[in-house]
Amino acid sequence: MTVQKLVIVGEKQLKGETSVSGGKNSSLAIIPAALLADGPCTIENVPDIQDIHVFETILRSLGAEVSYQPAERLMVIDPRTVSSCTVSYDLARQLRASYYFMGALLGRLGEANVPLPGGCDIGARPIDQHRKAFTALGTQVSDTGGALALKGNPVGTRINFDLVTVGGTINAMLAAVRAKGNTVLSNAAREPHVVDVANFLNSIGARVRGAGTDTIRIEGRGHLRGGIYTVIPDQIETGTLMIAAAATRGDVVIRDTIPTHMEALTAKLLEMGVKVTTDDDVIRVQFGDIHRNLQISTQEYPGFPTDLQQPISALLTRAKGTSVVTENIFSNRFKHLQEMERMGALVRISGNVATIEGVTQLRGAQVSASDLRCGAALVIAGLMARGTTEVDHVEYIDRGYEQLEEKLNALGADITRTTVEE
Ligand code: EPZ
């Protein structure tokens with residue numbers, strides 16, 4: 001079996017200009033949402049990443065007409081030929097976002113059979129809140145051997161989530177936009193991609209108000225038309241590039257961003273002593289003279305995003321003093337720290353709290369990516385380290401970052417992708 005690795009020669013400062021691709025998590029919600037339309041939907045700025053290719057296969061398996069042009073970042077979906085409400089296990093298990101086909105198929109057909117999702121191993125990832133929403137909408141929900149079977153045309157209602165869930169909020173929106181009657185989602189997630197999905201739905205004739213707040217109001221619509229929509233830039237890729245610039249003591253201009261989505265990270269980088277300036281859709285990150293230690297506590301948006309906890313941990317290995325990272329969203333999201341210890345990082349983990357001692361220098365080593373953002377964190381650590389670092393299981397990185405090594409190499413990094421027999 002062949003495996004791919006990234007071989008990183010460290011201590012290269014990142015300098016120059018780069019740009020951000022379309023949002024992975026936005027695209028993974030908007031593509032299933034297109035099934036709710038009664039005409040073709042053209043989705044622009046779709047990142048060319050592995051997860052999108054899996055979604056293309058799922059759409060075709062349902063009978064939809066799909067034209068996907070990765071180089072043009074374009075996907076045209078015509079759901080009028082959809083004939084199936086069943087997603088196969090082999091496809092669904094590859095990524096967590098496959099659960100969005102539950103809400104989308106339920107909203108279009110009043111029926112869905114979708115396997116329980118796979119995805120990154122960052123802790124228990126139940127979908128009880130998704131079930132709660134579907135049940136509240138009057139749907140019969142049953143377990144059939146590792147899949148969820150949903151049956152019944154949704155009827156508008158009030159849904160109060162027991163906890164803030166991005167996936168649950170979006171899935172409920174997808175199931176409710178064509179329901180009979182109106183739906184109110186309380187304690188809803190406010191992430192930028194929740195707003196992006198609502199904006200897409202409204203662009204094809206839905207009536208979704210309040211996205212971005214904790215209360216979303218949805219007026220059920222019998223039919224939705226086709227349309228054209230452009231996905232927002234990827235918030236987490238933006239943050240990963242910002243952190244990489246600071247971690248290599250570089251000076252990087254990042255284009256095609258939405259700076260307001262980055263405020264929690266920007267505030268922390270400024271607190272560290274990193275210079276961050278913004279202008280319209282551009283963010284510039286310049287190394288400051290010192291990197292002070294930080295206290296990071298991950299929260300739902302607009303708090304510090306859990307998806308950037310792993311990448312910033314690499315930067316914190318170089319901070320002056322001890323930093324404390326508290327992961328409040330997922331129960332097992334510190335594996336990257338165990339790998340960084342092999343590079344000389346001094347970390348201590350106690351439950352959901354990690355302390356990271358600032359060290360003078362990381363050393364290159366062979367390390368293993370266990371999930372998407374762990375991989376990104378190890379790449380950043382490799383950029384910082386003295387010597388050569390090899391990051392394996394690059395497939396995790398390819399799931400969520402479009403051309404990461406190309407973008408970093410264009411900024412002065414020295415990263416080579418190798419394929420080896422395992
Ligand atoms: C989405 O996951 C993202 N994935 C994650 O990004 C991101 O980390 C997460 O939101 C939080 O921002 C996609 O959008 C595909 P949640 P999701 O439902 O929807 C618990 C990445 O790296 N929970 O907001 O699964 C859950 O276990 C990925 O791009 C329940 O208990 O996140 C977690 O502890 C990783 N019951 C917390 O809520 C439920 O029914 C937040 O989960 C649902 C969630």
Side-chain angles (χ1 to χ4, degrees), residues 21-33 47 49-52 54-55 58 92 94-103 116-136 141 148 159-175 185 187-197 214 231-232 234-240 261 264-265 298-312 326-333 335-336 352 369-377 396-402 404:
S21 302
K24 161 180 100 80
N25 292 341
S26 269
S27 301
L28 293 176
I30 289 170
I31 288 169
I49 55 177
Q50 182 54 28
D51 280 1
I52 301 298
V54 175
F55 266 29
I58 293 177
Q94 295 184 45
L95 71 169
R96 179 157 173 90
S98 53
Y99 54 33
Y100 289 135
F101 286 97
M102 294 175 184
L116 296 174
C120 286
D121 177 15
I122 50 179
R125 301 181 79 180
I127 59 167
D128 56 297
Q129 298 299 305
H130 302 238
R131 290 166 183 266
K132 169 179 178 154
F134 297 141
T135 304
V141 181
L148 223 53
I159 298 165
N160 189 321
F161 288 106
D162 302 327
L163 53 88
V164 175
T165 159
V166 170
T169 300
I170 292 174
N171 235 343
M173 229 194 296
L174 301 184
L185 306 181
N187 199 21
R190 297 182 278 168
E191 268 69 4
H193 58 283
V194 173
V195 177
D196 210 22
V197 177
D214 62 3
V231 172
I232 58 171
D234 193 298
Q235 177 202 13
I236 305 306
E237 183 195 5
T238 305
T240 305
H261 289 168
L265 172 64
T298 62
Q299 305 292 338
E300 297 87 7
Y301 191 85
F304 192 91
T306 175
D307 293 349
L308 290 176
Q309 176 264 107
Q310 294 158 290
I312 203 168
T326 305
E327 173 54 66
N328 296 306
I329 306 296
F330 290 106
S331 61
N332 183 21
R333 203 165 195 175
K335 289 182 189 161
H336 56 297
N352 71 328
S370 54
D371 62 73
L372 166 57
R373 309 303 174 183
C374 170
Y396 285 115
I397 297 172
D398 294 343
R399 282 193 48 205
Y401 287 95
E402 181 185 278
L404 183 62

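Note that ligands are numbered from 1 as they come in the structure, with each ligand's atoms numbered from 1 the same way. All residue numbers in this chain count up from 1 along the given sequence.
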Parallel, tilted or perpendicular, as decided by the 30° and 60° cut-offs, for the rings of Phe101 and Phe55 | perpendicular
Determine, for Lys24 against Asp234, whether the closest basic-nitrogen to carboxylate-oxygen distance falls under 4.0 angstrom.
-> no
Ligand 1 versus Arg131, non-hydrogen atoms closer than 4.0 Å: side chain, backbone, both, neither?
-> neither
Report yes or no: does Tyr301 have a heavy atom closer than 4.0 Å to ligand 1?
-> no
What do we get for Tyr99 next to ligand 1 when only non-hydrogen atoms under 4.0 Å count, side chain, backbone, both or neither?
-> side chain
Which part of Leu372 is near ligand 1, with near meaning a heavy atom under 4.0 Å away: side chain, backbone, both or neither?
-> side chain
Do any N or O atoms from the side chain of Asn171 and from the backbone of Gly103 form a donor-acceptor pair under 3.5 angstrom?
-> yes
Of the side chain and backbone of Val166, name the one, both, or neither that has a heavy atom under 4.0 Å from an atom of ligand 1.
-> both
Between Thr298, Asp307, Asn171, which one has a non-hydrogen atom sitting closest to atom 7 (C) of ligand 1?
-> Asp307
Strictly under 4.0 Å, does any heavy atom of Gly400 approach an atom of ligand 1?
-> no
Give me the one residue out of Leu95, Leu148, Ile127 that meets side chain to side chain contact (heavy atoms under 4.5 Å, CB included) with Pro117.
-> Ile127
Closest by any non-hydrogen atom to atom 35 (C) of ligand 1: pick that one out of Arg373, Arg399, Arg333, Arg96.
-> Arg333
Hits for ring-ring contact (aromatic ring centres under 6.0 Å, His included) against Phe304, two or more places apart or cross-chain, chain-then-number order -> none
What atoms in ligand 1 come closer than 4.0 Å to a heavy atom of Lys24?
-> 21 (C), 29 (O)
Side-chain donor/acceptor of Glu300 to backbone N/O of Arg190, under 3.5 Å = no
Which atoms of ligand 1 are found less than 4.0 Å from any heavy atom of Gly167?
-> 18 (O), 19 (O)
Applying a strict 4.0 Å limit to heavy atoms, is Ile329 in contact with ligand 1?
-> yes
By number and element, which atoms of ligand 1 are closer than 4.0 Å to a non-hydrogen atom of His130?
-> 40 (O)
Run the numbers for me: atoms of ligand 1, each under 4.0 Å from some heavy atom of Ile127, listed by number.
-> 39 (C), 40 (O)
Minimal non-hydrogen separation, Ala189 against Val194, with atom names | O-CG1, 3.7 Å
Answer yes or no for Asp128: is there a heavy-atom contact with ligand 1 below 4.0 Å?
-> yes
Could you tell me whether ligand 1 has any atom less than 4.0 Å away from a heavy atom of His193?
-> yes
The atoms of ligand 1 lying under 4.0 Å from a heavy atom of Gln129, numbered in the order shown, are 36 (N), 39 (C), 40 (O)
Please name the residue in the list His336, Arg333, Arg373 that meets the side chain to side chain donor-acceptor pair (under 3.5 Å) test with Gln309.
-> His336
Can you see which heavy atom on Leu174 is nearest to which on Ala29, and at what distance?
-> CD1-O, 4.5 Å
Do the side-chain N and O atoms of Glu191 and Asn25 include a donor-acceptor pair separated by under 3.5 angstrom?
-> no
